Amino acid sequence: MVNTRGELVPYICPECRSKNIIHDDESGETICSNCGLVIAEPNLDTGPERRAFTQTERETRTRVGMPLSFSLYDKGLSTVIRIGRDAYGRELPLKTRKQMLRLRRWQNSCGVHASVDKNLAQAMAELERLSERLHIPSPIQETAAVIYRKALKKGLVRGRSISAIAAASLYAACRLTQAPRTLRELASHTPIDKKDLAKYYRLLVRVLDLRMPVANSQLRVPKIAALAGVGEETQRMAVEILREAERLKATSGRNPMGLAAAALYIACLENGENRTQKVIADASGVTEVTVRNRYKELKEILGNGGMR
DNA sequence: TAAGATAAGAGGGACAT
DNA sequence: ATGTCAGTCTTATCTTA
């Protein structure tokens with residue numbers, strides 16, 4: 001398996017030696033479907049954004065400094081005012097020096113800039129920490145950073161904890177890209193209560209007018225399957241079941257994770273790959289009761305509909 | 001021991017007041 | 001703004017095969 005940069009991506013999981021490597025085109029991750037290890041994150045080209053063919057082109061098109069990134073709290077472009085000398089190292093007249101001293105004091109301590117910068121620095125550090133813990137690829141982290149900036153601009157952070165809004169931004173970014181991270185997973189790495197996180201997430205969606213894609217239960221299958229150790233064949237069957245259920249309009253108003261779990265459970269039974277409801281429930285993060293209820297419904301809808 | 005059943009309670013969306 | 005309602009999911013407990 002080769003990615004777009006031509007680098008070889010292992011097709012055997014380095015963790016568990018499984019060959020069930022899958023690629024999630026939505027999130028851009030390459031995941032071992034056996035143990036859930038994220039083998040490759042989305043292909044990020046860290047080189048210059050334009051190609052160069054001649055020597056002069058190479059010189060003119062090479063960028064100086066780091067690529068701009070929203071994850072850096074000042075976008076990597078902070079201004080540092082130095083006093084005493086001009087750009088050529090010459091002494092400046094006293095009047096100018098005094099003026100610059102005042103300017104620097106303004107920039108550093110007075111008013112909005114200092115507090116906004118401090119806030120962003122803290123938030124970006126928290127995003128970084130959470131992304132690291134949860135193996136969230138950097139494009140999603142960048143999206144979260146953009147969301148956080150907007151939230152800060154709208155004054156949504158005032159009166160709420162920075163890390164809470166940061167975590168909510170990250171969750172929102174995951175939802176935007178359909179990357180399967182649950183609210184609970186986010187909350188487990190943060191001191192913030194899951195309930196509050198959900199509240200802030202909704203706040204972000206509402207105020208920032210984020211348009212979330214409809215949650216797709218089919219995308220949840222590989223993750224649950226990985227955690228429950230279910231093979232690819234069975235996964236495919238589960239996805240098929242979900243597709244059929246959606247066609248029959250049996251999925252509206254239901255937690256996608258619960259649906260995916262039940263579909264996978266059914267597929268396991270059909271395939272003789274026996275897993276208990278508890279195993280599936282634990283892997284998917286819903287309760288056994290929910291798995292059962294969805295299971296019953298899906299069987300009801302599909303069963304006499306003539307699958308097999 | 002897994003699966004099914006039942007009940008109470010929580011939290012949020014829709015809608016009316 | 002606040003309350004009510006229907007519906008979903010969770011937690012807990014008991015029963016069944």
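Reminder, nothing fancy here: chain letters follow the sequence lines and each chain counts from 1. Everything quoted here is computed from the prediction, not taken from an experiment. Quick note: numbers below take in every heavy atom, side chains included, and nothing from hydrogens, waters or symmetry partners.
At the heavy-atom level, Gly258(A) lies nowhere under 4.0 Å from the strands shown.
The two atoms that bring Ser284(A) and Ile224(A) nearest to each other are CB-CD1, 3.6 Å, heavy atoms only.
Computed from coordinates, the Lys278(A) NZ to dT1(B) C1' distance equals 12 Å when rounded to whole Å. In this structure, Asn274(A) places its CG atom 11 Å from C1' of dA2(B), rounding to the nearest Å. We find that CG of Leu197(A) is positioned 12 Å from P of dG12(B), with the value rounded to whole Å. When rounded to the nearest whole Å, the span between CG of Asn293(A) and C1' of dT10(C) equals 11 Å. The distance between atom CZ of Arg206(A) and atom C1' of dA14(B), rounded to the nearest whole Å, is 14 Å. Following rounding to the nearest Å, Lys199(A) (NZ) and dG13(B) (P) show an atom-to-atom distance of 11 Å. For Glu288(A) and dA2(B), the CD to C1' distance is 9 Å, given to the nearest whole Å. When the C1' atom of dA3(B) is taken as reference, atom NZ of Lys299(A) falls 11 Å away, rounded to whole Å.
For the residue pair Tyr201(A) / Asp196(A), no side-chain donor-acceptor distance below 3.5 Å is found, with atom types taken as modelled. A donor and an acceptor atom, one from each side chain of Thr234(A) and Glu273(A), are located under 3.5 Å apart. Side-chain atoms of Ser188(A) and Glu185(A) form no donor-acceptor pair, as typed in the model, at a separation below 3.5 Å.
With a 4.5 Å cut-off on side-chain heavy atoms, Leu176(A) and Ile147(A) count as touching.
Both Leu152(A) and Leu127(A) sit in one connected hydrophobic cluster of ILVMFWY residues. Membership requires side-chain heavy atoms under 4.5 Å apart, directly or through other members.
Residue Thr290(A) has a polar side-chain atom (N or O) positioned under 4.0 Å from OP1 or OP2 of dT10(C). Phosphate proximity of dA3(B) to Tyr265(A): present, with a side-chain N or O under 4.0 Å from OP1 or OP2. In terms of phosphate contacts, Arg202(A) brings a side-chain nitrogen or oxygen within less than 4.0 Å of OP1 or OP2 of dG13(B). Put simply, Lys195(A) has no side-chain N or O that comes within less than 4.0 Å of OP1 or OP2 on dG12(B).
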Please assess Arg129(A) against Glu126(A) for the test salt bridge (Lys or Arg N to Asp or Glu O under 4.0 Å), listing each intermediate value before the final yes or no. CA-CA 5 Å; Arg129(A) 188 187 69 84; Glu126(A) 179 67 5; 3.0 Å; yes

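For Thr276(A), taking side-chain heavy atoms from C-beta onward, the closest of the listed nucleotides dT10(C), dG4(B), dA3(B) is dA3(B). When the nucleotides dA5(B), dT11(C), dC9(C) are ranked by their closest atom to the side chain of Thr287(A), dT11(C) comes out on top. Ranking dA5(B), dC9(C), dG12(B) by closeness to the Arg294(A) side chain, first place goes to dC9(C). Closest to the side chain of Asn255(A), from the set dC9(C), dG4(B), dT10(C), is dC9(C).
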Please list each protein N or O that sits under 3.5 Å from an N or O in nucleotides 12-17 of chain C, with the distance.
none

